[in-house]
Amino acid sequence: MKYLRLYLHFVRFSFGRAMEFRFDFSLKIIMDCFYYVMHLSIFKILFNNTSTLAGWTEDQGMVFISSVLLIDAIHMTLFASNMWNIPFLVNRGDLDVYITRPVSTLFFISLRDFAANSFINLLIASAIFITTLSRLQVDYSFFNLLGYIALIINGVLLHYVMQMLFIIPVFWTQSNKGFNEIFFSLGLAMERPDLIYRGFVRIIFTFVIPMGLVASLPARWFFGPHTPYLTLHLLGITAVMWGLMLFFWKRGLRAYSSASS
C-alpha cells in the first residue's frame with residue numbers, strides 16, 4: 001500500500017506539471033499521433049501490395065500493429081522518460097538522492113515520472129486496438145482476451161527489463177546513454193511479425209533475445225498459429241531476464257561512486 005500511495009502521488013504530480021505546460025503537453029501528443037499514423041500507414045501500404053504478410057491477413061496484421069502501439073504507449077507512459085535519465089543520474093552523482101529514500105531505489109527511478117501525454121496516447125492506442133479487433137473475422141473467447149492482456153503485460157515488462165540491462169553498464173562505462181542505441185536497434189524486431197524471420201535471425205529474435213515475440217505472440221492469441229511452448233518460453237525468458245537485471249542492478253549500486261566520494 002505504501003508503494004501504491006507513492007505511485008499515485010507520482011501520477012498526480014505528473015499531471016499537475018503537464019497542465020502547467022499545456023503547449024508542450026499537446027505537442028507531444030500530436031508527435032505520438034504522427035508516430036501511430038506512420039506505423040499504420042506502412043502496414044496499409046504493404047497490404048495494398050500483398051494479400052497476406054507472414055500468413056496474416058490485413059485485419060490480423062492490424063491487430064498485430066495495434067499491439068505494438070499498445071506496448072509502446074504503456075512503456076512510454078510508465079518507464080521511458082525515467083530510463084532516459086538514469087545514465088545522467090549515475091554520471092552526475094545525483095543517484096544519491098534516490099538511494100537515501102526509504103523505498104526501493106529501482107522503483108523510485110523507474111516510475112517517478114508518469115508521462116501524462118503518453119497516457120492520452122495510450123487511450124488512443126487502446127481505441128485503435130478495439131477498432132481493429134472488432135473487424136477481425138474470427139471467433140475468440142474471453143479466455144483469448146485474458147491471454148492477450150497477460151502477454152501484453154509480459155511484453156511491457158520484458159521491454160523494460162531488456163532496456164535496463166542495456167542501461168545498467170553505465171555504472172562501469174560512465175557513458176551518457178549506456179548501450180541504449182543497441183537496445184533501440186534490437187527493439188525494431190518487435191515491430192515486425194515474428195513469422196517473417198528465418199534461420200539464424202529467427203533464433204536470435206525468438207529464443208535468445210525474444211523481441212520478435214513481444215507483440216507477435218499476443219496477436220497470435222486470437223488467430224494463431226498457436227504455439228504454447230513459445231508462450232512458456234517467453235514467460236520463462238522474462239523471469240530469467242528480471243533476475244539478471246536485479247543481480248546487475250545491485251552490482252551496479254555497489255560500483256556507484258556518489259557525488260560525495
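Cluster annotation: L151 and I130 are assigned to the same hydrophobic cluster (Ile/Leu/Val/Met/Phe/Trp/Tyr, side-chain heavy-atom contacts under 4.5 Å, transitive). Linking ILVMFWY side-chain heavy atoms closer than 4.5 Å, directly or via other members, places I196 and F200 in a single hydrophobic cluster. In the hydrophobic clustering of this structure, I30 does not group with M38; members are Ile, Leu, Val, Met, Phe, Trp, Tyr whose side-chain heavy atoms approach within less than 4.5 Å, directly or through other members. No single ILVMFWY cluster, assembled from side-chain heavy atoms under 4.5 Å apart, contains both L232 and I152. Residues M31 and V37 do not share a hydrophobic cluster, clusters being chains of Ile/Leu/Val/Met/Phe/Trp/Tyr side chains in contact below 4.5 Å.
The distance from atom CD1 of I65 to atom CG of L46, rounded to the nearest 0.5 Å, is 10.0 Å. A distance of 7.0 Å separates CD1 in I29 from CD1 in I124, rounded to the nearest 0.5 Å. Put simply, CZ on F64 and CZ on R192 are 8.0 Å apart, with the number rounded to the nearest 0.5 Å. For the atom pair CG (L89) and CG (D94), the distance works out to 6.0 Å, reported to the nearest 0.5 Å. Interatomic distance, F223 CZ to T57 OG1, rounded to the nearest 0.5 Å: 7.0 Å. Taking CD1 of I71 as the start and CE of M76 as the end, the distance is 14.5 Å to the nearest 0.5 Å.
Listed by chain and number, the residues in a side chain to side chain donor-acceptor pair (under 3.5 Å) with S51 amount to none (sequence neighbours excluded). Every salt bridge (Lys or Arg N to Asp or Glu O under 4.0 Å) that D194 has, sequence neighbours left out, goes to R202, R220. Applying the ring-ring contact (aromatic ring centres under 6.0 Å, His included) criterion to F13, with sequence neighbours excluded, gives no partner residue. Checked against side chain to side chain donor-acceptor pair (under 3.5 Å), T132 has the following partners two or more places apart in sequence or in another chain: S66. For F171, the ring-ring contact (aromatic ring centres under 6.0 Å, His included) partners two or more places apart in sequence, or in a different chain, are W249. For the side chain to side chain donor-acceptor pair (under 3.5 Å) test, residues two or more places apart in sequence or in another chain that qualify with Y98 are R112. Legend: residues meeting ring-ring contact (aromatic ring centres under 6.0 Å, His included) with Y197, ordered by chain and number and at least two apart, are F205. Judged as a side chain to side chain donor-acceptor pair (under 3.5 Å), and not counting sequence neighbours, the contacts of S81 are D113. The salt bridge (Lys or Arg N to Asp or Glu O under 4.0 Å) test applied to R101 returns no partner, not counting sequence neighbours. For H9, there are no ring-ring contact (aromatic ring centres under 6.0 Å, His included) partners at least two apart in sequence or on another chain.
Of the possible donor and acceptor atoms, one in the side chain of N144 sits under 3.5 Å from a partner among the backbone N and O of S141. A distance-only check finds a donor-acceptor pair linking the side chain of N82 to the backbone of S110 [under 3.5 Å]. For the pair N49 (side chain) and I45 (backbone), a donor-acceptor distance under 3.5 Å is present. Not one N or O on the side chain of E191 forms a donor-acceptor pair closer than 3.5 Å with the backbone of L188. Side-chain atoms of Y256 come within 3.5 Å of backbone N or O of L95 as a donor-acceptor pair.
When all heavy atoms are compared, the tightest approach of W56 to A219 is CH2-CB, 4.4 Å. Nearest heavy-atom pair, P102 versus K2, reported as atom, atom and distance to 0.1 Å: O-NZ, 3.3 Å. The nearest pair of heavy atoms linking Y160 to L106 is OH-CD1, 3.6 Å. Minimum heavy-atom separation, L122 to Y36: N-OH, 4.4 Å. Taking all atoms of both residues into account, the shortest heavy-atom contact from F129 to V63 is CE1-CG1, 4.3 Å. Here the closest heavy-atom approach between residue A255 and residue W172 is recorded as CB-NE1, 3.5 Å.
There is a side-chain donor-acceptor pair under 3.5 Å between Y148 and S67.
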Apply side-chain contact (heavy atoms from CB on, under 4.5 Å) to D72 and L69, showing your working. CA-CA 5 Å; D72 178 76; L69 298 181; 5.7 Å; no

Begin from the C-alpha positions of I109 and N85 and carry the test side-chain contact (heavy atoms from CB on, under 4.5 Å) through to its verdict. CA-CA 9 Å; I109 69 168; N85 287 325; over 6 Å; no

Working note: M164 + M241, criterion side-chain contact (heavy atoms from CB on, under 4.5 Å); need CA distance, chi angles, decisive distance, verdict. CA-CA 10 Å; M164 281 297 296; M241 292 293 185; over 6 Å; no

So F143 and W221, side-chain contact (heavy atoms from CB on, under 4.5 Å) or not? Walk me through it. CA-CA 9 Å; F143 176 73; W221 203 257; 4.0 Å; yes

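Here the side chains of F248 and L165 are in contact, with some heavy-atom distance below 4.5 Å. A heavy-atom distance below 4.5 Å is not found between the side chains of M62 and R135. Taking the side chain as every heavy atom from C-beta outward, L230 and L234 never approach each other to under 4.5 Å. Annotation: side chain of L195 is not in contact with side chain of S216 (no heavy-atom distance under 4.5 Å). For the pair T238 and V161, the minimum side-chain heavy-atom distance is 4.5 Å or more. For the pair V170 and F179, the minimum side-chain heavy-atom distance is 4.5 Å or more.
Sorted pairs that involve residues 117-128 and meet side-chain hydrogen bond (donor to acceptor under 3.5 Å, both in side chains), not counting sequence neighbours, are lacking altogether. The list of salt bridge (Lys or Arg N to Asp or Glu O under 4.0 Å) pairs with a residue in residues 29-54, not counting sequence neighbours, reads K44-E58.
The ring of F79 has its center no closer than 6.0 angstrom to the ring center of F114. No close placement of the F43 and H39 rings is indicated, their centers lying 6.0 Å or farther apart. Checked against the 6.0 Å centroid threshold, F183 and H159 count as a close aromatic pair. Taking the ring centroids of F10 and F108, they lie under the 6.0 Å cut-off.
Ring geometry for H233 versus F207: interplanar angle of 30 to 60°, hence tilted.
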